[in-house]
Structure formats: structure tokens, C-alpha cells
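All remarks here apply to the structure that follows.
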Amino acid sequence: GAVVSQHPSRVICKSGTSVKIECRSLDFQATTMFWYRQFPKQSLMLMATSNEGSKATYEQGVEKDKFLINHASLTLSTLTVTSAHPEDSSFYICSARSGTSFDNEQFFGPGTRLTVL
Amino acid sequence: SQQGEEDPQALSIQEGENATMNCSYKTSINNLQWYRQNSGRGLVHLILIRSNEREKHSGRLRVTLDTSKKSSSLLITASRAADTASYFCAPEVSGGSNYKLTFGKGTLLTVNP
């Protein structure tokens, strides 16, 4: 299957700082990228959907000013957690798909473990 | 909600046995995708079954889809200890101009050597 990478894999930061997470599709062009967060032993919660060159669409209850998403190219999307607080500590996973129609497989990155002290 | 709901929540079997996990959903879908997640890792795509398909195979995996019952099943045959992981089903629905997957809590499969 296609490969999606994330960087960093793990980050620890102080409360109040901002953290940027990168998501790259390595061997295909991702027209759409998704950002999820996952709490321990819980489901993946979709945060937002982003299409290359346009603004992200956020799910209900997700603060767009808190979680800034930039999908600058067909292979790169970034998630910036601004003014992070301990409650933002979570496992963040990005995902990418290569087409805009249905029936396209969606591939996931390895995730980023964020710990806010 | 359009998310998939897996059943059972946990399943423990012996190596060599078959493992069956079920998934139910509530709305019309384009397709349904199954994923595996090892603890603390990302999701690995296993198989995609389209809404007009009833059964699909990939190696030791067999997936069925019954759109009339809004349910799917994942069968892993001749299980191995390395199959130990959480398994998620994700129905694909149309979300406005995008197609998106939503997930349930998964089935935690433990294969004992």
C-alpha cells in the first residue's frame, strides 16, 4: 500500500507553546488529507479534512484557531497545535487519500504522540 | 451516527484458530474499509470492500458485506501471534464535498501462542 509519514513521532512540550506536526504522502499525491486524534483505548476521532490549496473543514467541536491545518501541497499537510495545554495531550494521526471520488483507499501515518507538561 | 461499531470489543483465541470480528453501521455507504492497529502505532489498511461487493479475500483475510443488514465481518484464518492488534472497520460516507471515514472503538484481538 501507499506510504504516509509523520514527523515527529513523539513530542513533549511545555504548556503554552505551539507544536507543528507534519504529514507527508511519500509515493502518491494526496488530494485530501485528514487529521484524527485518539485517546488511549478509544476510537479515532476525525478532527478535520483538508484539500490541497483550500481551507480545512473542521468537525463539530474542534477549534479551528486551536488546531491550525495547512495543506500546502499534494504531498504535505501540517497540523499546528497552538498554545498547547495538558488536555491536548493525545495521539494525533494523519491520513491521506489519492482521489476525490468515492472508493479510494485511505492510508494512515504512524501517528505522533504529543505530551504537554 | 455513521461510524462503524465493532463486535466483540475483545477476543482472545489460540494460535491457529480463526477469528471473526463483526461491524455494524447505520447509514448508506460507498464502501467499508478494515484496518489494523498495533498498540501505540498508526493504522494499517487491510482491505476495502465496495457497496456492490459481497465478499472479498486477501491472503488469510476474508471480508463480507451485507448492505441490507448494514453489517460486515472480518475473518482471519489460521491466526498467528503477530495478528494480535486492534481491528477497526470504517464505513465511508459522503461528507458534503468530501468522503470521510469514521471509526468505532475497535475489536482488540489477542492471539495466544
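Chain naming here is simple, since letters A, B, ... match the order of the sequence lines and numbering starts at 1 in each.
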Give the cluster check for A:L44 versus A:L114: same hydrophobic cluster or not, with ILVMFWY residues linked at side-chain heavy-atom distances below 4.5 Å. no
So, do A:F108 and B:F103 have ring centers that fall under 6.0 Å from each other? yes
In this structure, would A:F67 and A:V19 fall into the same cluster of hydrophobic residues linked by side-chain contacts under 4.5 Å? yes
Give, for atom CD of A:E105 and atom CD of B:Q33, the distance between the pair rounded to the nearest 0.5 Å. 6.5 Å
Is atom CD of B:Q9 surrounded by more than 12 heavy atoms (other residues, nucleotides or ligands) closer than 6.0 Å? no
Segment of A:L46 engaging chain B (4.5 angstrom heavy-atom cut-off): side chain
Do other residues, nucleotides or ligands put more than 12 heavy atoms under 6.0 Å from the NZ atom of B:K105? no
Would you say B:R60 has more than 12 foreign heavy atoms packed within less than 6.0 Å of its CZ? yes
So CD of B:E6 and OG of A:S43: to nearest 0.5 Å the spacing works out to 7.0 Å
I need the residue from A:Q106, A:Q38, A:Q42, A:Q6 with the largest number of non-hydrogen atom pairs under 4.5 Å to chain B. A:Q106
Ranking B:S39, B:A90, B:G42 by heavy-atom pairs under 4.5 Å to chain A gives rank one to B:G42
Within this structure, what is the CD-OG1 distance for the pair A:E59 and B:T102, rounded to the nearest 0.5 Å? 9.0 Å
Counting only heavy atoms not in B:R80 (residues, nucleotides, ligands), do more than 12 fall under 6.0 Å from its CZ? no
The test is side-chain contact (heavy atoms from CB on, under 4.5 Å); show your working for A:R97 and B:L101 and say whether it passes. CA-CA 11 Å; A:R97 59 187 288 159; B:L101 304 179; 5.6 Å; no
